[in-house]
Every structure is written in structure tokens, then in C-alpha cells.
Number of protein chains: 2
Amino acid sequence: MARFTPRQDEQEGLVENQDIRKAGLKVTLPRVKILEILENSEARHVSAEDVYKQLLANDEEIGLATVYRVLTQFEGAGLVERHQFDGGHSVFELNRGTHHDHIVCIRCGKVEEFVDESIEKRQREIATEKGFEIADHSLVIYGECKKENCPNLKE
Amino acid sequence: MARFTPRQDEQEGLVENQDIRKAGLKVTLPRVKILEILENSEARHVSAEDVYKQLLANDEEIGLATVYRVLTQFEGAGLVERHQFDGGHSVFELNRGTHHDHIVCIRCGKVEEFVDESIEKRQREIATEKGFEIADHSLVIYGECKKENCPNLKE
DNA sequence: ATTACAAATGCACAAGCTTCTCATTTCCAC
DNA sequence: GTGGAAATGAGAAGCTTGTGCATTTGTAAT
């Protein structure tokens with residue numbers, strides 16, 4: 001009920017609405033809100049549950065099923081990337097066009113990104129040697145970040 | 001009835017009952033049988049379900065819960081490695097002491113292994129640069145293997 | 001603006017994988 | 001052998017993800 005915003009100002013949707021539409025998807029409130037959360041979240045990598053909780057915190061009436069549906073559609077449209085770090089659940093991040101790999105702290109969960117062209121190159125060579133046409137790859141380094149930076153070293 | 005090896009050449013990465021005991025685990029029938037299956041399976045990467053089905057085929061009365069429990073314990077003991085390729089479920093492989101990465105065919109699911117020291121080295125350097133103490137890493141290349149080799153290009 | 005229709009959503013439920021619970025059984029030291 | 005802790009089996013539960021269907025929403029034509 002109380003969620004009738006007088007006007008949807010699209011000034012901040014100059015990029016996203018276009019992209020949703022370009023993907024052949026209707027520009028609906030859930031999709032816009034989810035995209036906003038992905039953009040505004042200080043954590044670059046969020047799970048579907050994270051998005052859902054953020055929606056609830058913003059008093060949006062959007063179901064978890066829709067979150068999964070939309071994230072999967074966004075993935076198919078290339079708007080977001082889905083990563084499967086160890087531990088079972090997926091995390092999503094906005095696709096800003098720059099490929100990168102990840103290094104994850106196994107203690108605090110912090111995720112940093114990196115790119116290394118020499119690794120990329122070797123991967124292409126290896127795929128060729130093995131007779132594979134490379135489609136994608138996933139490189140994740142797990143480690144412990146320096147204690148001073150580690151926010152919550154629980155237990 | 002136990003098949004015991006005359007010599008204990010554990011250095012060659014061969015996992016055996018001694019290793020179970022060394023991990024602080026009792027040498028029980030389920031654990032021995034699961035280890036046997038991991039060793040004798042021609043597929044190097046098997047899921048918990050695969051192990052379970054193989055046990056059923058061998059007329060062993062071992063529950064799926066036990067399979068998961070044992071595999072997790074083996075992982076903790078370093079006897080097996082758990083890999084989480086894209087798609088949700090984990091696969092396990094015997095830890096024969098040789099680290100390697102994987103290249104997976106997204107069409108037929110075939111998994112090949114490779115090692116590249118230059119990539120390994122760059123990863124260590126990157127972890128150091130980022131202030132991480134490296135604990136593990138996962139590199140998976142996804143691609144399409146050459147059609148002639150691709151066993152079941154269904155659909 | 002209004003209308004009309006296909007697309008999208010919300011809800012509840014279902015599926016698949018993995019883990020937990022707990023009564024019963026098994027291994028191992030004595 | 002025997003005792004007791006550890007391990008197991010069967011089923012239930014948990015978690016993430018996906019589906020079916022009635023209802024709502026976006027969009028394009030009126």
C-alpha cells in the first residue's frame with residue numbers, strides 16, 4: 001500500500017534502465033530496485049539473500065523468488081556475473097566490463113580482485129594445448145589477509 | 001579378509017587404512033569401502049552420489065549420510081580434495097599429493113587436469129602483494145573440447 | 001489518459017544437495 | 001570377551017534455487 005512513490009525519477013537510471021531494456025526485459029520496479037542495490041552496495045559481491053534482506057530493509061515488497069529469477073536473468077543478459085566460491089552459495093556482482101579474478105580471506109570473508117595478464121595468457125595457451133575452446137574461467141585464491149585488516153576474526 | 005599391502009610405501013601418494021588411523025579416525029568398514037571406491041574408480045572426480053551408487057552396486061549397506069560424513073572427514077584429514085565446479089554439487093578426488101588445476105568441458109562434462117608452474121608462481125606473488133597468506137586456490141577453465149573427443153554431445 | 005494483453009511478480013510449494021538427530025551398532029583398548 | 005566411546009543408518013531438516021499459477025504491472029496501441 002504505502003509504497004506508491006509519487007514519481008520514479010530516472011536520473012539515476014540513465015544506465016540501468018537502458019540495459020534492462022536492451023536485454024529484452026521489461027523495466028519493472030523489482031528489477032530496478034535490485035539493480036540499485038547492486039550498484040549501491042558497498043560490498044561488491046552479494047548473495048541473493050543479501051539482496052533480499054536489503055530489499056526488506058528498504059521496505060520493498062519483493063519476494064525471494066523474484067530476486068533469484070531476476071539475478072539469473074541479469075546473468076543471462078550479461079549485466080551481472082555469478083561466482084561460486086567455496087561454501088555452497090553463489091554471489092553476484094555487477095558486470096562493469098572488466099574481467100578479474102578473486103582472492104578471498106577464509107577468515108573474514110573479504111574479497112579482493114585482481115587481474116594478471118600473464119595468468120590469462122597461460123590459461124589461453126593451456127586450453128589450446130588441451131584442445132579446448134575456452135568459454136570462461138574461474139580463479140579464486142583462498143588465504144588469510146593480514147590480521148590488522150581482518151575486520152572480524154571471530155572464534 | 002583385509003587386503004593388506006606387504007610394504008608401507010605411503011610416500012607415493014597412495015592412500016590406505018593407515019592414513020585413516022593417522023587422521024584420528026577409526027578404521028571402519030564404511031570408511032575402508034569408500035576409500036576403495038575412490039581408489040578404484042576410473043573417474044578421478046566423483047560426487048558423493050556417485051560413491052553412494054557404487055556402494056549400492058557393491059551390495060554395501062552404507063547410508064548416504066555416512067558417505068557425506070566420511071568424505072567431509074577425509075577432506076579435513078587431507079585424504080581427499082573437494083572441488084566445487086559451477087553447477088552446484090561438489091566432486092571429490094583422492095589427494096595423491098600432486099596439486100593440479102582443472103579444465104572442464106561445458107558440453108560433455110569431461111575433466112582434465114593440468115599444472116602450470118608459472119601460474120602457480122604468479123598466484124603466490126599476487127597473494128603476497130595483496131597481503132594474503134595463501135591457503136589454497138582453485139582454478140577452473142571452462143570450455144568446449146574438440147568435437148571428435150566429446151563423447152556425448154547430447155541435445 | 002485509457003485499455004488490453006503479454007510479461008512479470010508473489011506466494012507457496014517443490015527439488016536437489018548436504019547436514020543433522022538420535023537410537024543402534026561397531027570398533028578398539030583393556 | 002567386555003565396556004564405552006565413536007561411528008553409522010534412516011529419516012527429517014536446512015539451505016539454496018527453481019516452478020506453477022493467480023494476480024499485478026509495464027507497454028504499446030487506442
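All chains are named by letter (A, B, ...) in the order of the sequence lines, taking the proteins before the strands, and each is independently numbered beginning at 1.
Every residue two or more places apart in sequence or in another chain that forms a side-chain contact (heavy atoms from CB on, under 4.5 Å) with A:Ser41 is listed here: A:Ala43, A:Val46. Judged as a side chain to side chain donor-acceptor pair (under 3.5 Å), and not counting sequence neighbours, the contacts of A:Ser118 are A:Asp116. For A:His89, the ring-ring contact (aromatic ring centres under 6.0 Å, His included) test picks out no residue, with sequence neighbours left out. Among residues two or more places apart in sequence or in another chain, the side-chain contact (heavy atoms from CB on, under 4.5 Å) test is passed with B:Leu56 by B:Tyr52. Checked against side chain to side chain donor-acceptor pair (under 3.5 Å), B:Asn58 has the following partners two or more places apart in sequence or in another chain: B:Gln54. Looking at residues two or more places apart in sequence or on another chain, you find a side chain to side chain donor-acceptor pair (under 3.5 Å) between B:Ser47 and B:Asp50.
Remark: C1' of D:dG9 and CZ of B:Arg69 are 8 Å apart, rounded to the nearest angstrom. Spacing between atom CG of B:Asp86 and atom P of D:dT16 amounts to 18 Å, rounded to whole angstrom units. The CD atom of B:Gln73 sits 11 Å away from the C1' atom of D:dT8 (whole-angstrom rounding). Distance A:Asn17 CG to D:dG26 P: 12 Å, rounded to the nearest Å. In this structure, A:Leu64 places its CG atom 9 Å from C1' of D:dT17, rounding to the nearest Å.
Taking a heavy-atom distance under 4.0 Å as the criterion, the stretch of DNA chain C touched by chain A extends 5' to 3' from C:dA6 to C:dA12.
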Report, one pair per line, the protein and nucleotides 27-30 of chain D atoms (nitrogen or oxygen only) whose separation is under 3.5 Å.
| unit_1 | atom_1 | unit_2 | atom_2 | d |
| --- | --- | --- | --- | --- |
| D:dT27 | OP1 | A:Arg21 | NH2 | 3.2 |
| D:dT27 | OP1 | A:Val27 | N | 3.2 |

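Under 4.0 angstrom from either OP1 or OP2 of D:dT16 there lies no side-chain N or O belonging to A:Ser47. Taking side-chain N and O atoms only, B:Arg31 has a distance below 4.0 Å to OP1 or OP2 of D:dT8.
The heavy-atom pair separating B:Ser90 from B:Gln84 by the smallest distance is OG-CG, 3.5 Å.
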Sequence neighbours excluded and cut-off under 3.5 Å, please list the side-chain donor-acceptor pairs for residues 68-77 of chain A, or say none.
| unit_1 | atom_1 | unit_2 | atom_2 | d |
| --- | --- | --- | --- | --- |
| A:Arg69 | NH2 | A:Thr66 | OG1 | 3.4 |
| A:Thr72 | OG1 | A:Tyr68 | O | 2.8 |
| A:Thr72 | OG1 | A:Arg82 | NH2 | 3.2 |
| A:Gln73 | OE1 | A:Arg31 | NH1 | 2.8 |
| A:Glu75 | OE1 | A:Arg82 | NE | 3.0 |
| A:Glu75 | OE1 | A:Arg82 | NH2 | 3.2 |

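Heavy-atom nearest nucleotides on DNA chain D were determined for A:Ala65 and for B:Tyr52, and the one closer to the 5' end corresponds to B:Tyr52. Toward the 5′ end of DNA chain C lies the nearest nucleotide of A:Ile62, the other residue of the pair B:Gln84 and A:Ile62 mapping further downstream. For the pair B:Thr66 and B:Leu29, both in contact range of DNA chain C, the more 5′-proximal nearest nucleotide belongs to B:Thr66.
For the helix from C:dA1-D:dT30 to C:dC30-D:dG1, the axis fitted to the five pairs at one end and the axis fitted to the five pairs at the other end meet at an angle of 40° (nearest 10 degrees).
Note on B:Glu49: nothing from the nucleic acid sits closer than 4.0 angstrom, heavy atoms only.
Using a 4.0 Å cut-off between charged nitrogen and carboxylate oxygen, A:Lys146 and B:Glu129 do not count as a salt-bridge pair.
For residues 85-102 of chain A, there are no salt bridge (charged side-chain N to carboxylate O under 4.0 Å, His left out) pairs, not counting sequence neighbours. For residues 114-145 of chain B, the set of pairs meeting the ring-ring contact (aromatic ring centres under 6.0 Å, His included) definition, not counting sequence neighbours, comprises B:His99-B:His137.
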